[in-house]
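One structure below.
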Amino acid sequence: MPEGDSPTVARRRVRLALRVAREQADLTQAQVAEEMEWSLSKVIRIENGDVSISPNDLKSLLSYLGIKDRTAVAALVADARIARTRQRQAWFQTPEFRENLTDATRKLVEYEHEASRIKSYAIYYVPGPLQTPDYAKALMTRFEEELTPDQISRRIEARRLRREALLSRAESGEVSIFVMVDESVLRRTIGGPTIFAAQLRELRELIAKGTITVRMVPFSLDAAVTNNASFDLLTLGEGEVLYRETGLGDEMLEDRDATDKHRARYARVWEEVADEATTLAFIDNQISVLENAG
């Protein structure tokens, strides 16, 4: 197993392998549950990735499903151990973050550690890992009526830690980050002119260094993607996952139909929107306007 594997990614490999093996064996989840003397809900939760399977249970299940190749079994058992034993070591799995971050957000952070490509689309604010601390704090204070002070504090800290980890991977070439933002994102002065100008300068620097690639969806373009919520499409070794966020909640989707549709729409609109040079010019103009206003 690669040294950097996360519990969520390891668990994903196990559950995908189990689902494929069950389907190839032409078995239902109910049949598996009956044979293994488990509840049906346990089988469903394992295949959904809601819980980890113990190495001993996994060995028995693999035998029943006809997976007997020693190398394949050893790899899956190693993944099962990673999923169960390393989960407590990551910062986002510590009690203070588990209590104040959503399940979908914690999965997103783990997948960010493994993704080779991330495509983000933002309709309201700069994506979390690209936010400066002041911008993140100003944004979070808008939710004081919905979030506790602890939740706000931990989410701000989580964005800082996500930023450090993800941008480090991007700068080393481990992950490619593509960001498509609605024009409103580059106009909405969250935190006031000074804080927002600093955020735009930071965004511009990341673009100039080649750490990220950014394109703007101008108001003049009637792009279908703007009907969606903000989302992140992450490419992993075994396929793609989709993190989607609205003003009322967030979710992690691993359904191939959903990821395929978002990827196709993203690719189509990416070619229609303002190119990076035009986007940079717009950002520079916004910075100038904000500095003059200050």
Side-chain angles (χ1 to χ4, degrees), residues 118-147 149 151-171 175-232 245-247 266 269-294:
I118 298 176
K119 296 179 179 178
S120 286
Y121 172 63
I123 60 175
Y124 185 81
Y125 52 78
V126 173
L130 307 182
Q131 295 174 8
T132 64
D134 286 341
Y135 181 94
K137 183 176 181 180
L139 180 63
M140 280 298 173
T141 56
R142 293 176 170 224
F143 300 95
E144 287 179 333
E145 295 182 358
E146 301 176 21
L147 301 174
Q151 286 175 320
I152 291 175
S153 174
R154 291 303 178 186
R155 292 186 184 193
I156 293 173
E157 177 67 3
R159 292 194 177 184
R160 183 187 69 79
L161 294 169
R162 283 178 62 201
R163 173 186 172 84
E164 290 179 358
L166 188 57
L167 294 185
S168 175
R169 294 192 67 230
E171 289 169 359
V175 59
S176 299
I177 302 175
F178 301 87
V179 181
M180 187 159 56
V181 298
D182 189 76
E183 182 177 329
S184 63
V185 172
L186 303 179
R187 288 184 177 274
R188 188 169 289 110
T189 55
I190 292 174
T194 300
I195 288 176
F196 188 55
Q199 173 66 74
L200 291 181
R201 283 194 293 270
E202 173 68 8
L203 197 61
R204 196 202 189 291
E205 182 177 349
L206 292 172
I207 298 171
K209 291 194 304 183
T211 306
I212 61 175
T213 301
V214 179
R215 291 186 179 183
M216 177 185 71
V217 183
F219 289 153
S220 59
L221 177 65
D222 182 18
V225 72
T226 55
N227 292 327
N228 290 357
S230 295
F231 65 85
D232 297 291
E245 186 175 15
T246 68
Y266 192 102
V269 178
W270 182 263
E271 298 303 322
E272 300 174 355
V273 300
D275 61 21
E276 190 159 85
T278 303
T279 302
L280 277 172
F282 185 89
I283 291 174
D284 285 340
N285 182 68
Q286 287 298 99
I287 293 172
S288 177
V289 169
L290 291 165
E291 289 177 340
N292 290 333

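Numbers here are sequence positions counted from 1. Hydrogens, waters and symmetry mates are skipped; everything else that's a heavy atom, side chains included, is used.
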Rounded distance (nearest 0.5 Å) linking atom CD of Gln286 with atom CZ of Phe196
7.0 Å
Using modelled atom types only, decide if a donor and an acceptor are shared between the side chain of Asn292 and the backbone of Ser288 within a distance under 3.5 Å.
yes
Looking only at heavy atoms, the pair that brings Asp232 and Ile118 closest together is OD1-CG2, 4.4 Å
Please determine which of Ile287, Val126, Leu203 meets the side-chain contact (heavy atoms from CB on, under 4.5 Å) test together with Leu186.
Leu203
For the atom pair CD (Glu171) and OG1 (Thr211), what is the distance rounded to the nearest 0.5 Å?
4.5 Å
Does the Ser230 side chain pair with the main chain of Ile123, one donor and one acceptor, at a distance under 3.5 Å?
yes
Met180 and Tyr266 have their tightest heavy-atom pair at N-OH, 3.4 Å
Quick check: does any side chain N or O of Arg160 sit under 3.5 Å from a backbone N or O of Pro133, one acting as donor and the other as acceptor?
no
Separation between CE of Met216 and CZ of Phe282, rounded to the nearest 0.5 Å:
5.0 Å
Of all heavy-atom pairs between Gly128 and Arg162, which one has the smallest distance, and what is that distance?
CA-NH1, 4.3 Å
Taken in chain and number order and not counting sequence neighbours, the residues that satisfy side chain to side chain donor-acceptor pair (under 3.5 Å) with Arg154 are none
How many angstroms lie between CZ in Arg163 and OG in Ser168, if you round to the nearest 0.5 Å?
12.0 Å
Under the 3.5 angstrom rule, does the side chain of Thr132 hit a backbone N or O of Gln199 as a donor-acceptor pair?
no
Donor-acceptor side-chain pairing of Asp275 and Thr278 below 3.5 angstrom:
yes
Does Phe178 have Arg215 sitting over its ring (NZ/CZ under 6.0 Å from centre, angle to axis within 45°)?
no
Ignoring hydrogens and angles, tell me if any N or O in the side chain of Glu183 forms a donor-acceptor pair with the backbone of Val217 under 3.5 Å.
no
Could you tell me whether Glu291 and Arg201 make a salt bridge, using a distance below 4.0 angstrom between a side-chain N and a carboxylate O?
yes
Taking every non-hydrogen atom, the tightest pair across Trp270 and Val179:
CZ3-O, 3.6 Å
Rounded to the nearest 0.5 Å, how far apart are OG of Ser184 and CZ of Arg187?
9.5 Å
Tyr121 (side chain) donor-acceptor with Asp182 (main chain) under 3.5 angstrom
no
Quick one: CG on Leu280 to CZ on Arg204, what's the gap to the nearest 0.5 Å?
5.0 Å
